[in-house]
Asker: 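Provided herewith is a single structure, encoded as structure tokens, for subsequent inquiry.
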Amino acid sequence: MSTAAVPAGATPTFYRDTWVEVDLDHIAWNIAQIRKQLPEETAFIAVVKANAYGHGDVQVAAAALEAGASYLAVACLDEALALRDKGITAPILVLGATRPVDVSLAAARGITLTIFQKQWVNDARMHLHDKDRLKVHVKVDTGMGRIGIRSSEELTEIEGLIQADDRLEWEGIYTHFSTADEPDTAYFERQLGLFQEMLGRLTRQPEMIHCSNSAAALRFPKARFNAVRVGLAMYGVTPSDAVKDEAQLPLKEAFSLRTKLIHVKKLPKGEKVGYGATYETEEEEWIGTLPIGYADGWIRRLQGQEVLVDGVRAPIVGRICMDQCMIRLPAQAAVGTTVTLIGHADTSFIPVDEIAEKLETIAYEVLCLIGSRVPRIYKRTLLA
Ligand SMILES: *Cc1c(COP(=O)(O)O)cnc(C)c1O
């Protein structure tokens with residue numbers, strides 16, 4: 001076995017010194033860790049929406065399937081079609097709403113859709129051709145207030161509509177928790193209770209029953225049913241402190257954001273740096289320039305955030321530009337030195353959560369923020 005940084009999929013050609021390193025071995029490791037917590041027969045639905053939380057859709061999908069995932073989930077039909085176009089043949093569930101006019105296309109490409117209201121079923125049936133076979137999962141809204149069926153009457157009506165139509169194959173039913181990552185579990189319990197009540201109303205239960213995201217899958221065995229939908233934890237990030245405390249899983253972050261020093265200079269005391277000339281050197285200082293800016297998702301609010309240069313922390317000084325930003329170096333450093341903005345560098349580490357805290361947001365948003373202008377390269381162990 002040899003370890004190498006290899007692109008898994010089409011080899012991207014790029015000519016810039018800023019990149020995201022995606023460690024597919026870590027994703028496989030995380031899936032193994034999570035699956036160890038689950039009964040053997042629990043299906044692992046790998047959530048790869050939003051370009052696999054910024055990691056790269058087909059690369060993560062392939063790695064997850066190899067690591068034991070049996071189903072994929074995305075947000076919209078376009079994401080599912082993109083995976084099909086890139087050669088993924090595994091089942092894919094679209095979690096969001098699909099336009100009724102597009103159901104025949106979904107059926108043709110073997111993509112599973114979500115039913116979340118009765119009117120949608122009626123509209124969708126008008127667009128299905130006789131020969132179409134469309135797999136569906138019914139989404140129940142137990143308190144998230146987003147999409148889903150809210151009453152058992154509507155569920156019963158939908159059950160009738162599906163069963164009367166040979167073109168619809170009812171494979172699953174699910175719901176989604178809004179507080180599974182919070183210390184207080186009362187609202188979670190209420191949602192779970194409602195879901196169980198809805199399940200009790202069915203005349204026949206479909207094959208797949210799932211309601212757990214990462215947090216619920218790791219914290220609440222009773223909410224696992226026979227499948228879990230895992231996103232964030234698969235990427236090595238734990239959804240919240242409550243989950244961290246209770247699950248204690250040795251997950252490994254798969255996402256590292258790196259760049260290189262492209263310019264280094266010594267400035268005398270009293271010199272200004274960046275738009276608005278807001279930063280002034282307090283003494284003689286080494287200032288380095290990095291080729292990453294807000295157009296890459298490295299947004300202006302990250303001014304002051306530290307990065308790792310040779311494992312040592314250095315702050316971003318002055319305003320972040322569209323394509324570049326400046327840092328105050330602890331000492332002279334060579335042009336071409338690798339700088340880590342997110343991830344490990346030697347023994348130092350900037351976790352995704354540190355950036356999330358700085359931005360007063362959540363890790364999910366940080367991962368989604370890093371734009372498509374930043375190439376992704378893939379690290380995975382090659383099996384000899
Ligand atoms: C995004 C999403 C998930 C995955 O959530 P994580 O917290 O990332 O595990 C699961 N289910 C639904 C419906 C989602 O939208």
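We count ligands from 1, going down the list as the structure has it; atoms in each ligand are counted the same way.
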Asker: Pick one of side chain, backbone, both or neither for how L95 approaches ligand 1, counting any non-hydrogen atom pair under 4.0 Å.
Answerer: side chain
Asker: Starting from atom 4 (C) of ligand 1, locate the nearest protein heavy atom and write down its residue, its atom name and how far away it is, to 0.1 Å.
Answerer: Y53 OH, 3.4 Å
Asker: Do NZ/NE/NH1/NH2 and the carboxylate oxygens of K379 and E21 come within less than 4.0 Å?
Answerer: no
Asker: Specify the protein heavy atom at minimum distance from atom 9 (O) of ligand 1: its residue, its atom name, and the distance to 0.1 Å.
Answerer: S214 OG, 2.5 Å
Asker: Which residue holds the protein heavy atom closest to atom 13 (C) of ligand 1, what is that atom called, and what is the gap in Å?
Answerer: H176 ND1, 3.6 Å
Asker: Quick one about Y279 and R328 (side-chain donor to acceptor, distance below 3.5 Å, no hydrogens or angles considered), yes or no?
Answerer: yes
Asker: Considering the options H137, H176, R229, which one meets the side-chain contact (heavy atoms from CB on, under 4.5 Å) requirement together with L95?
Answerer: R229
Asker: For G231 and ligand 1, does the shortest N/O to N/O distance drop below 3.5 Å?
Answerer: yes
Asker: When the ring planes of F188 and F220 are compared, do they come out parallel, tilted or perpendicular, using 30° and 60° as the limits?
Answerer: parallel
Asker: For atom 2 (C) of ligand 1, which of M234, R146, H210, K49 has the closest heavy atom?
Answerer: K49
Asker: Which residue supplies the protein heavy atom nearest to atom 11 (N) of ligand 1, what is that atom called, and how far is it?
Answerer: R229 NE, 2.8 Å
Asker: Any atoms of ligand 1 less than 4.0 Å from a non-hydrogen atom of L232? List them with their elements.
Answerer: 6 (P), 8 (O), 9 (O)
Asker: Is it true that R133 and E169 make a salt bridge, defined as a side-chain N closer than 4.0 Å to a carboxylate O?
Answerer: no
Asker: Considering only NZ, NE, NH1 and NH2 on the basic side and carboxylate oxygens on the acidic side, decide whether K86 and D57 come within less than 4.0 Å.
Answerer: yes
Asker: Considering only non-hydrogen protein atoms, determine which one is nearest to atom 7 (O) of ligand 1 and report residue, atom name and distance to 0.1 Å.
Answerer: Y364 OH, 2.6 Å
Asker: Does V47 reach ligand 1 with a nitrogen or oxygen that is under 3.5 Å from one of the ligand's nitrogen or oxygen atoms?
Answerer: no
Asker: Hydrogens and angles aside, do Q191 and S178 bring a side-chain donor and acceptor to less than 3.5 Å of each other?
Answerer: yes
